[in-house]
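Here is how names work: the chains are called A, B, and so on, in the same order as the sequence lines, proteins then strands, and each is numbered from 1.
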Number of protein chains: 2
Amino acid sequence: MVDIAFGPSVVVQTAGDTKPGSKSEQAYTSIKARIVEGVFSPGYRLVLAKIAEDLGFSVVPVREAIRRLEAEGLVKFERNIGATVSGIDPTEYLYTMQTLSIVEGAATALSAPFIDSAAIARARAVNEEMRECLDHFDPVRFTTLNQDFHSVLFEQCPNPHILDLVHRGWNRLASLRSSTFRFVPGRARESVREHEGLLQLIENNAGAEAIEQAARRHRSATLDAYLAQASALTE
Amino acid sequence: MVDIAFGPSVVVQTAGDTKPGSKSEQAYTSIKARIVEGVFSPGYRLVLAKIAEDLGFSVVPVREAIRRLEAEGLVKFERNIGATVSGIDPTEYLYTMQTLSIVEGAATALSAPFIDSAAIARARAVNEEMRECLDHFDPVRFTTLNQDFHSVLFEQCPNPHILDLVHRGWNRLASLRSSTFRFVPGRARESVREHEGLLQLIENNAGAEAIEQAARRHRSATLDAYLAQASALTE
DNA sequence: ATGTACGAAATCGTATACGATAAGTATGGG
DNA sequence: CCCATACTTATCGTATACGATTTCGTACAT
């Protein structure tokens, strides 16, 4: 739809990708996908030689890929020690959620003036699907749809940098969730309601300030809900 | 004071640095410094072999360094073509300023509850120095002090991710300014006034919302002022 | 039994070498 | 005189090789 969704998780393209032919690039994409999909869980040790052999490459392009992933915060790379998939102590989770909250709010506010009625209709349709998910209890699908919802809103975002930050946050969280995600049904229901409210604000051409606040309130509530269970997250 | 200032410009540490011993790390630091200080202006062609020879290293660590810089947005690296210091068409400038505005506002709001009277005093002192700069017309020093001012406020920022984003924005802008910076004296005077207002808000324990708004308004005004001259920026 | 020291294995870091690709240049035809 | 094509050159991309560092296991002494 908006971004590429495959399997249980979602990999969002981040800016700065080189042409696909480069092995360094392939390694980057491949490793990132495996992290985001949860094949490589947090704490997983990424041994250069092993990954290189897996992919049939030499270590050099793999190193580059790892460095890029490090800059995105997906892995930690220590000299003479090696790379591990970034851990997620509750604190780190809070940081990420808080940052995402801010950045998503900004993206929503910036995009609002450019959202036409067609986009709103699409967003509303996605939100309806989310509502249905509530009955069938499908958390994975719910999360994917949630990102789809926001993606529709952000489609016309006039600032690609902000969008990039949002995507990085999503990827980060996807990596965390694949391993330790838990669903909060009550919160999810509320979320659907808030989405509808946000759409109405946009339809009524509310000020950017109001929209941003709404978006931030939404995120903030989500954050609180998840924070309660954050202690369950392992290092 | 807060961050390391040397020469006319300021290089802000960004998260993700490896131990200093690594050549890859040295290359990273060295190239970044030269970009931020303006030795490598936007558009400058970074030839791997040449840089490697300059530093006395081989190309491999240099490549890694470039990749990290690319992920931070400081350089553009195209397959089989090479790396160039990121350009700054007015649009890109707008994106960066807008993003920085949002992120700085958030950082200010988050930090506010943790700012004690001593920090406020220091911030105020810096702001006074800025006021003095207005008379002597020292734009470079003014910019440095401006970052110092915010650094004092952000010292206790509870979210390092946000802080990292702020620093990246500063580095980015520093790179741009070194080559094409122009000073807007009227705007600068206003800026000093707004800083004082912000400090008073914090002293009075104003809500995070109000503080964030003030910070954002400030940035927004700055943005507008610089945007007027943005067309003067070269690709 | 525990702590320490030494050695071996695993892994990372970097240099060098060579193949691949794109940009620049010259030459020949229109 | 201009354009297209072949060739040369500059630069990047990756593999391989080897040295450096860390970690882990084992043996020894207390």
Distances under 3.5 Å between protein N/O atoms and the N/O atoms of nucleotides 9-12 of chain D, please, pair by pair.
| residue | atom | partner | partner atom | Å |
| --- | --- | --- | --- | --- |
| D:dC12 | OP1 | B:L48 | N | 3.3 |
| D:dC12 | OP2 | B:L48 | N | 3.4 |
| D:dC12 | O3' | B:N80 | N | 3.1 |

Without decimals, in angstroms, what is the distance between [X] [atom1] and [N] [atom2]?
| X | N | atom1 | atom2 | answer |
| --- | --- | --- | --- | --- |
| A:R67 | C:dC12 | CZ | P | 12 Å |
| A:L55 | D:dT14 | CG | C1' | 14 Å |
| A:E53 | D:dT16 | CD | P | 12 Å |
| B:Y28 | C:dG13 | OH | C1' | 19 Å |
| A:I66 | C:dG13 | CD1 | C1' | 14 Å |
| B:E25 | C:dT14 | CD | C1' | 15 Å |

side-chain contact (heavy atoms from CB on, under 4.5 Å) partners for [X], two or more places apart:
| X | value |
| --- | --- |
| A:L163 | A:F154, A:C157, A:H167 |
| A:A71 | B:A71 |
| B:A109 | B:A208, B:E212 |

task: Would you tell me if any nitrogen or oxygen in the side chain of A:K50 comes within less than 4.0 Å of OP1 or OP2 on C:dA10?
output: no
- prompt: Any side-chain N or O of A:S58 less than 4.0 Å from the OP1 or OP2 oxygen of D:dT14?
  reply: no
query: side-chain hydrogen bond (donor to acceptor under 3.5 Å, both in side chains) with B:T99: which residues, sequence neighbours excluded?
result: A:N159
message: Restricting to salt bridge (charged side-chain N to carboxylate O under 4.0 Å, His left out), what partner residues turn up for B:E64, sequence neighbours left out?
response: A:R63, A:R67
message: Minimum heavy-atom separation for A:V166 and A:A107, please, with both atom names.
response: CG2-CB, 4.1 Å
